[in-house]
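Data block below; observations after.
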Amino acid sequence: MQLVHVLRAFALCFAALGAFVVASGFKLKYYGVLGPGPGFFPIWLGSILVVACLALFLRSFFVRAESEPFFASSDAAIRVLAVVLSLAAIWLALHYLGFRLAILSFALFVPRILGRQSPVIAGTVALILSFGVGFVFETWLGVPLPEPAFESLKSLGF
Amino acid sequence: MQPGNLLYALAGCIIGTLVGVLPGVGPVAGVAILLPVTYGMTPVGALIMLSAIYYGTMYGGTITSVLMNVPGESASVVTCLDGYQMAKQGRAGAALAIAAIGSFIGGTMATLAIVFIAGPLSKFSLLFGPPEFFALVLVGFTLLISLAGDSVLKGIISAIFGLALTLPGMDPLTGIARMTFGSPFMLSGLGFVPILMGLFGISEILINVEAKQKSVMTAPLSSLWLTRGDWKASTWPILRGSALGFVIGVVPGLGAATSSFLSYAMEKRIARDPSRFGKGAIEGVAGPETANNASANAALLPLLTLGIPGSATVAIIMGAFLIHGITPGPFLFQAHADLVWSLIASMVVANVILLILNLPLVGVWAKILLLPYPILFTLIMVFTIVGTYSVNGSLFDVAVMLVFSVIGYLMRKLNFPMAPIALTLVLGPQFETSLGQSLVMSEGSFLVFFRSPISTVLMIIAMAAVAYASVRPAAKAGLLRLRGQDSEV
């Protein structure tokens, strides 16, 4: 996958975003008696974004500088993808398992993707980041953190 | 300066230096990630701490440049050229010492300049109405777009994208809901804190993950004592760096990296023996490090007096102002004089703290570099998630942050300049409001922006910035062709 292909896809996505902003603007009032309406700014912004993105898309066919690969290696791609998926997973886990269990699993799993860590060190760090940080923020600082969705987990103190 | 505020300055300096030492986490990411830490503080305390974090990250980046040949942030790149060479010659301590002393002098001189200039400039800024403010913000946008990065088109897209992110929520002029998709979460907009943390904080982490950042052995530390020759060689570079850094820092879009590069180029050009540069010349550390710290301090001047952040990091600090219900700009000195002068006093104190703190503790900071990056990454992620969640107690904000971390990663990989997004994201609502108010005042005529001398001059500067950005690629190509022709001759 080359950088230039990703750039073109990105430009088209942003152009679509611009078109969406323009369309949203047309659903609102453009200009009223007292001055610009809520649709004024979105229509102009979205239009500039569409034009700029289409220009970037077209220019990508003439510029050779971006013909290098997007990822330096397949390992790099796997690392980034794994971390992004783990971030998505932690968001879901925060909903259902609450802060402590979600962070515990994240802190145990992610360092293993990024490099070999001693299980003892990884486990210690995971406990500190999940239960330690949870204790500091909720008990000392009074900052509420996500709670588990299941009563059984709540009753266990997670 | 109350004891509490002094403690915030101390904590900010320590945290900032720690963040700056971490490879791959620059001042923008550091300030973005630590922004939620300041929510529970008083406005004065929060701003003092964030400013101290900013200066601390600048110095922390120097440590990795000298000891590891890895710039902690863009303004420290040039320090690698001579700083690391000094370290290889067993003079790491001297390099770090002169960097600390130069940073202190540059930062203090810039702060003193702010003390004398801020008052008159803030009085002048009272002449600003909606057309003048719109024109001023436009100058900030166009300068950032024209100066940030090689592609003006990408700069425009970044800036417009940032403005587009401010659209969801309620229209600032009419209060009508806009692009909320019927969701109550969207009524207050997307929230710039999760966006900034994702775009600047986590995206930088993803870049480092891709590069498989890992801890590396550092060059050994030596004595911090400077010889008489070191002092003699560094005096004028420090003085020149202070002046240059201040001038560069005040102009939006140029940034601390520009000041450090220009200082290095200047010192090399006027040196008696330019061949020493790149081989451990202490002037190559003293000048740039002074300039980048002076620039970082000076960047707060346009923010405090005109409400225009001069860089992405200062834009995030402006976000902190807004979170605490304070609008920087023309009326800040009148409405919140105590806060402003406390902040300026804290800048002097923070520079002193950094000097006292960093010289003896440089060995401790070097040890942190031995922590495995996967552990550091996990630590940063957890604090980022906690920080984002604590804004509104909403997992929606965490989702926004994660989505924008991927967008930010893609934009960085595709070489989109990120500074315009920070500026437009923070200033977008005011930009739209001032545009609307101006058009109301003029009954729809855009000539309102050319009615007063101030707005006319500002609009001309904005148009000049656009013109410069348009011709720069062609001029650069022409220059390269000329040089190619010269070399053939």
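Every chain is numbered from 1 and lettered A, B, ... according to where its sequence line falls, protein lines coming before strand lines.
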Practice item. Start with the C-alpha gap between B/Phe133 and B/Phe431, add the side-chain angles, then the distance that decides, and say whether ring-ring contact (aromatic ring centres under 6.0 Å, His included) holds. Key: CA-CA 8 Å; B/Phe133 191 75; B/Phe431 184 66; 9.0 Å; no

Heavy-atom distances under 4.5 Å only: say whether [X] touches chain A with side chain, backbone, both or neither.
{"X": "B/Ala177", "answer": "backbone"}
{"X": "B/Leu163", "answer": "both"}
{"X": "B/Val398", "answer": "both"}
{"X": "B/Met381", "answer": "side chain"}
{"X": "B/Ile157", "answer": "both"}

Who wins among [options] for the most heavy-atom pairs under 4.5 Å with chain B?
{"options": "A/Ala76, A/Gly35, A/Pro38", "value": "A/Pro38"}
{"options": "A/Ala52, A/Gly25, A/Gly37", "value": "A/Ala52"}
{"options": "A/Val21, A/Ile128, A/Val6", "value": "A/Val6"}
{"options": "A/Ser130, A/Ala126, A/Pro36", "value": "A/Pro36"}
{"options": "A/Phe106, A/Tyr31, A/Trp91", "value": "A/Trp91"}

Review point. For B/Ile160 and A/Leu45, which heavy atoms make the closest approach, and how far apart are they?
Key: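 Looks like CG2-O, 3.5 Å.
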
**Study point:** Shortest non-hydrogen contact between B/Val400 and B/Pro194, atoms and distance
**Key:**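 Minimum heavy-atom contact is CG1-CB, 4.0 Å.
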
Tell me, for [X] versus chain B, whether the close heavy atoms (under 4.5 Å) come from the side chain, the backbone, both or neither.
{"X": "A/Phe71", "result": "both"}
{"X": "A/Leu49", "result": "both"}
{"X": "A/Leu94", "result": "both"}

**Study point:** Aromatic plane relationship, A/Phe61 with A/Phe57 - under 30° parallel, 30 to 60° tilted, over 60° perpendicular
**Key:**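 Perpendicular, since the angle between the ring planes exceeds 60°.
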
Review point. Would you call the rings of A/Phe40 and A/Tyr30 parallel, tilted or perpendicular if under 30° counts as parallel and over 60° as perpendicular?
Key: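 Tilted: the ring planes of A/Phe40 and A/Tyr30 meet at 30° to 60°.
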
Point to revise | Heavy atoms from other residues, nucleotides or ligands near CZ of A/Phe26 exceed 12 (cutoff 6.0 Å) | key: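 No, because the 6.0 Å sphere around CZ of A/Phe26 holds 12 heavy atoms or fewer from other groups.
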
Point to revise | More than 12 heavy atoms of other groups within 6.0 Å of B/Met170 CE | key: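 No, CE of B/Met170 has 12 or fewer neighbouring heavy atoms, counting only those of other groups under 6.0 Å.
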
Check your understanding: Is the distance between the ring centroids of A/Phe10 and A/Phe14 less than 6.0 Å?
Key ->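 A/Phe10 vs A/Phe14: aromatic centres under 6.0 Å.
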
Review point. Rounded to the nearest 0.5 Å, how far does NZ of B/Lys413 lie from CG of A/Leu3?
Key: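 If I round to the nearest 0.5 Å, the distance is 7.0 Å.
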
Review point. When heavy-atom pairs shorter than 4.5 Å are enumerated against chain A, which of B/Leu410, B/Ile156, B/Leu173, B/Val406 gives the highest number?
Key: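 The option with the most such pairs is B/Leu410.
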
